[in-house]
Amino acid sequence: MGKSKVLVVGGTGYMGRRIVKASLAQGHPTYVLQRPEIGLDIDKLQMLLAFKKQGAHLVEGSFSDFQSLVDAVKLVDVVICTMSGVHFRSHNILLQLKLVKAIKEAGNIKRFFPSEFGLDPARMGHALEPGRVTFDEKMVVRKAIQDAKIPFTYVCGAGFAGYFAGNLSQMGTLIPPREKVLIYGDGNSKVTIVDEDDLAAYTIKTIDDPRTLNKTLYFRPPENVLTQKQLVDMWENLIGKKLEHITISQQDFLASMKGMDYAGQVGVGHFYHIFYEGALTNFEIGKEGEEASKLYPEVKYTRMNEYLKIYA
């Protein structure tokens with residue numbers, strides 16, 4: 001059998017463009033939904049055209065035109081949705097319900113990957129307001145997938161290196177500090193941080209793998225399960241300088257929400273669960289899940305001490 005044909009929805013986004021690249025690199029016939037809603041966004045159009053040059057097929061379709069979604073889905077075997085679910089960019093999680101409906105209507109899809117890639121929403125029933133909306137909405141999508149009896153893989157369980165490593169997990173910046181660093185609690189909660197290109201490579205590996213059908217794929221590559229203090233140590237060793245460590249208690253961190261805009265409050269809640277609760281690593285992966293680096297040891301994942309070198 002040949003490799004499955006893949007449709008990427010949200011292919012010009014932060015994770016989407018990496019998924020397209022990985023799908024092409026691993027030899028899958030790759031289709032990217034081209035939505036008329038991009039309007040005059042020349043950057044997105046040029047990215048789509050670059051995908052086309054690399055061998056991807058552009059498929060016109062819109063969430064406001066249900067039949068166009070059905071027609072796009074019928075061209076492929078697998079659908080991967082990477083639409084944004086973070087409030088400081090755009091938040092479109094529930095728009096996927098239209099895609100679920102189109103997949104059910106088309107009736108030919110052997111695997112659907114909804115937009116996830118972060119904390120496992122099934123484990124976040126206790127999440128703080130207002131950030132819990134992200135997890136609640138992802139669970140609404142999951143329920144729709146399972147009610148429609150659509151085969152799935154949920155991909156979650158890692159912090160994006162671009163948002164958690166390069167800045168030493170500091171909020172409000174994407175570059176590492178060189179004088180002072182804020183340490184969450186004792187700084188010893190285990191956090192999984194993975195390069196986004198590696199996340200995409202692992203995700204594409206699962207497409208034709210029966211071991212991941214109707215399961216959740218988690219990311220715990222052993223050398224990338226780190227504490228914040230270990231991450232800071234890596235940076236200090238790279239630049240040959242000790243930073244001033246400022247500890248922030250759980251209570252003070254949560255109190256910092258006051259006066260923030262909505263997106264900021266969502267971010268504080270998510271950081272709280274990751275760095276104070278250790279929500280990415282504080283559970284055993286059971287029969288409902290698989291761990292990516294164990295399944296695919298051939299993926300040479302980026303270690304964070306190497307990742308940080310570009311910032312030094």
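Numbers here simply count residues along the sequence, with the first being 1. Treat the numbers as computed from the prediction; the structure is a model and nothing was measured.
- Here the closest heavy-atom approach between residue Leu199 and residue Ala158 is recorded as CD2-CB, 3.9 Å.
- Put simply, Ile248 and Ile183 are part of the same group of oily side chains (I, L, V, M, F, W, Y) that touch within less than 4.5 Å, one to the next.
- Closest non-hydrogen pair, Lys180 versus Pro177, comes out as O-CB, 3.0 Å.
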ask   = Can His270 and Phe275 be said to form a ring pair (Phe, Tyr, Trp, His ring centres under 6.0 Å), step by step?
value = CA-CA 9 Å; His270 292 183; Phe275 290 101; over 10 Å; no
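- Between Leu217 and Cys156 there is no side-chain heavy-atom pair separated by less than 4.5 Å.
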request  = Could you go through the side chain to side chain contact (heavy atoms under 4.5 Å, CB included) check for Ser256 and Val268 one step at a time?
outcome  = CA-CA 8 Å; Ser256 72; Val268 167; 4.1 Å; yes
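- No side-chain donor-acceptor contact under 3.5 Å links Asp77 to the backbone of Ile109.
- Thr212 contributes a side-chain N or O that, together with a main-chain N or O of Thr206, makes up a donor-acceptor pair within less than 3.5 Å.
- Between Tyr154 and Phe152, the ring planes are parallel. Angles under 30° get that label, and only those over 60° would be called perpendicular.
- One N or O on the side chain of Gln170 and one on the backbone of Leu168 form a donor-acceptor pair closer than 3.5 Å.
- A donor-acceptor pair under 3.5 Å links the side-chain atoms of Ser169 to the main chain of Phe164, judged by distance alone.
- Screening residues 271-287 for salt bridge (Lys or Arg N to Asp or Glu O under 4.0 Å) gives no qualifying pairs among residues at least two apart or on separate chains.
- In this structure, the ring of Tyr163 has its center less than 6.0 angstrom from the ring center of Tyr14.
- Taking each heavy atom of Ser62 and Leu69 in turn, the nearest pair found is O-CG, 3.5 Å.
- No side-chain donor-acceptor contact under 3.5 Å links Thr82 to the backbone of Met15.
- With rounding to the nearest 0.5 angstrom, the CD atom of Glu306 is 10.0 Å from the CE atom of Met234.
- Side-chain atoms of Gln265 never come within 3.5 Å of backbone atoms of Lys258 as a donor-acceptor pair (strictly under, hydrogens ignored).
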query = Given Phe253 and Tyr272, is the ring pair (Phe, Tyr, Trp, His ring centres under 6.0 Å) satisfied, shown in steps?
reply = CA-CA 8 Å; Phe253 185 70; Tyr272 168 78; 7.2 Å; no
inquiry  = Using the rule given for side chain to side chain contact (heavy atoms under 4.5 Å, CB included), can you reason through Val191 versus Thr227, listing the C-alpha separation, both sets of side-chain angles and the distance that settles it, and then say yes or no?
reply    = CA-CA 6 Å; Val191 180; Thr227 68; over 6 Å; no
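- Side-chain contact annotation: Asp71 with Gln67, donor-acceptor N/O pair under 3.5 Å present.
- Atom CD of Glu60 has 12 or fewer neighbouring heavy atoms from other residues, nucleotides or ligands inside a 6.0 Å radius.
- Taking the ring centre of Phe283 as origin, the terminal cationic atom of Arg123 falls inside the region bounded by 6.0 Å and 45° from the ring axis.
- One hydrophobic cluster, built from ILVMFWY side chains closer than 4.5 Å, cannot hold both Val70 and Ile150; they sit in different ones.
- By the 30° and 60° cut-offs, the orientation of the rings of Tyr184 relative to Phe271 is perpendicular.
- Between Ile42 atom CD1 and Gln46 atom CD the span is 4.5 Å, to the nearest 0.5 Å.
- Here the side chains of Asp209 and Glu290 are not in contact, with every heavy-atom distance at 4.5 Å or above.
- In this structure, a donor-acceptor pair under 3.5 Å is present between the side chains of Lys110 and Ser4.
- With sequence neighbours left out, Lys104 forms a salt bridge (charged side-chain N to carboxylate O under 4.0 Å, His left out) with no residue at all.
- Glu291 contributes no side-chain N or O that, together with a main-chain N or O of Ile285, makes up a donor-acceptor pair within less than 3.5 Å.
- Cation-pi geometry between Arg303 and Tyr301 is met: under 6.0 angstrom from the ring centre, within 45 degrees of the axis.
- Side-chain atoms of Phe160 and Val194, non-hydrogen and from C-beta on, never get closer than 4.5 Å to each other.
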ask   = Can you check side-chain hydrogen bond (donor to acceptor under 3.5 Å, both in side chains) on Thr173 and Asn167, steps first, answer last?
value = CA-CA 6 Å; Thr173 182; Asn167 57 0; over 6 Å; no
request  = Show the numbers, then the answer: is there a side chain to side chain contact (heavy atoms under 4.5 Å, CB included) between Val76 and Val6?
outcome  = CA-CA 6 Å; Val76 299; Val6 179; over 6 Å; no
task = Evaluate side chain to side chain contact (heavy atoms under 4.5 Å, CB included) for Val133 paired with Tyr262, printing each intermediate quantity in order.
result = CA-CA 11 Å; Val133 65; Tyr262 185 81; 3.6 Å; yes
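- How far CD of Gln96 is from SG of Cys81: 4.0 Å, rounded to the nearest 0.5 Å.
- Under a hydrophobic-cluster definition in which Ile, Leu, Val, Met, Phe, Trp and Tyr are linked whenever side-chain heavy atoms come within less than 4.5 Å, directly or via other members, Ile204 and Leu213 are assigned to different clusters.
- Between Leu33 atom CG and Ile80 atom CD1 the span is 13.5 Å, to the nearest 0.5 Å.
- The NZ atom of Lys5 sits 7.0 Å away from the CG atom of Leu75 when rounded to the nearest 0.5 Å.
- Between the side chain of Thr281 and the backbone N or O of Lys190 there is at least one donor-acceptor pair closer than 3.5 Å.
- Cation-pi geometry between Lys98 and Phe66 is not met: the NZ or CZ atom fails to fall both under 6.0 Å from the ring centre and inside 45° of the normal.
- Following chains of ILVMFWY side-chain contacts shorter than 4.5 Å, one cannot reach Met139 starting from Leu95, and the two form parts of different hydrophobic clusters.
- Residue Trp235 is tested with Asn237, Ile239, Asp233, Val232 for a side chain to side chain contact (heavy atoms under 4.5 Å, CB included); the sole match is Ile239.
- Of all non-hydrogen atoms in Arg132 and His126, the two that sit nearest each other are NH1-C, 4.0 Å.
- Distance check: Leu7 CG to Phe113 CZ gives 12.5 Å after rounding to the nearest 0.5 Å.
- Residues Asn305 and Leu238 fail the side-chain proximity criterion, which asks for heavy atoms closer than 4.5 Å.
- When the side chains of ILVMFWY residues are joined at heavy-atom separations under 4.5 Å, either directly or via intervening members, Leu243 and Leu226 end up in a single hydrophobic cluster.
- Met83 places none of its side-chain heavy atoms less than 4.5 Å from the side chain of Ile93.
- Nearest heavy atom pair, residue Thr192 against residue Phe219, reads CG2-O, 2.7 Å.
- The two atoms that bring Lys3 and Asp208 nearest to each other are CA-OD2, 3.9 Å, heavy atoms only.
- Counting only N and O atoms by type, the side chains of His245 and Glu236 include a donor and acceptor under 3.5 Å apart.
- Summarising the local packing, CD1 of Ile246 is surrounded by more than 12 heavy atoms from other residues, nucleotides or ligands at distances under 6.0 Å.
- For the residue pair Thr153 / Arg111, a side-chain donor-acceptor distance below 3.5 Å is found, with atom types taken as modelled.
- Looking only at distances, no side-chain donor or acceptor of Thr30 sits under 3.5 Å from a matching main-chain atom of Val20.
- Distance alone, capped at 3.5 Å, places no donor-acceptor pair between the Gln146 side chain and the Lys143 backbone.
- For the residue pair Tyr218/Asp120, the side-chain donor-acceptor check at 3.5 Å is satisfied.
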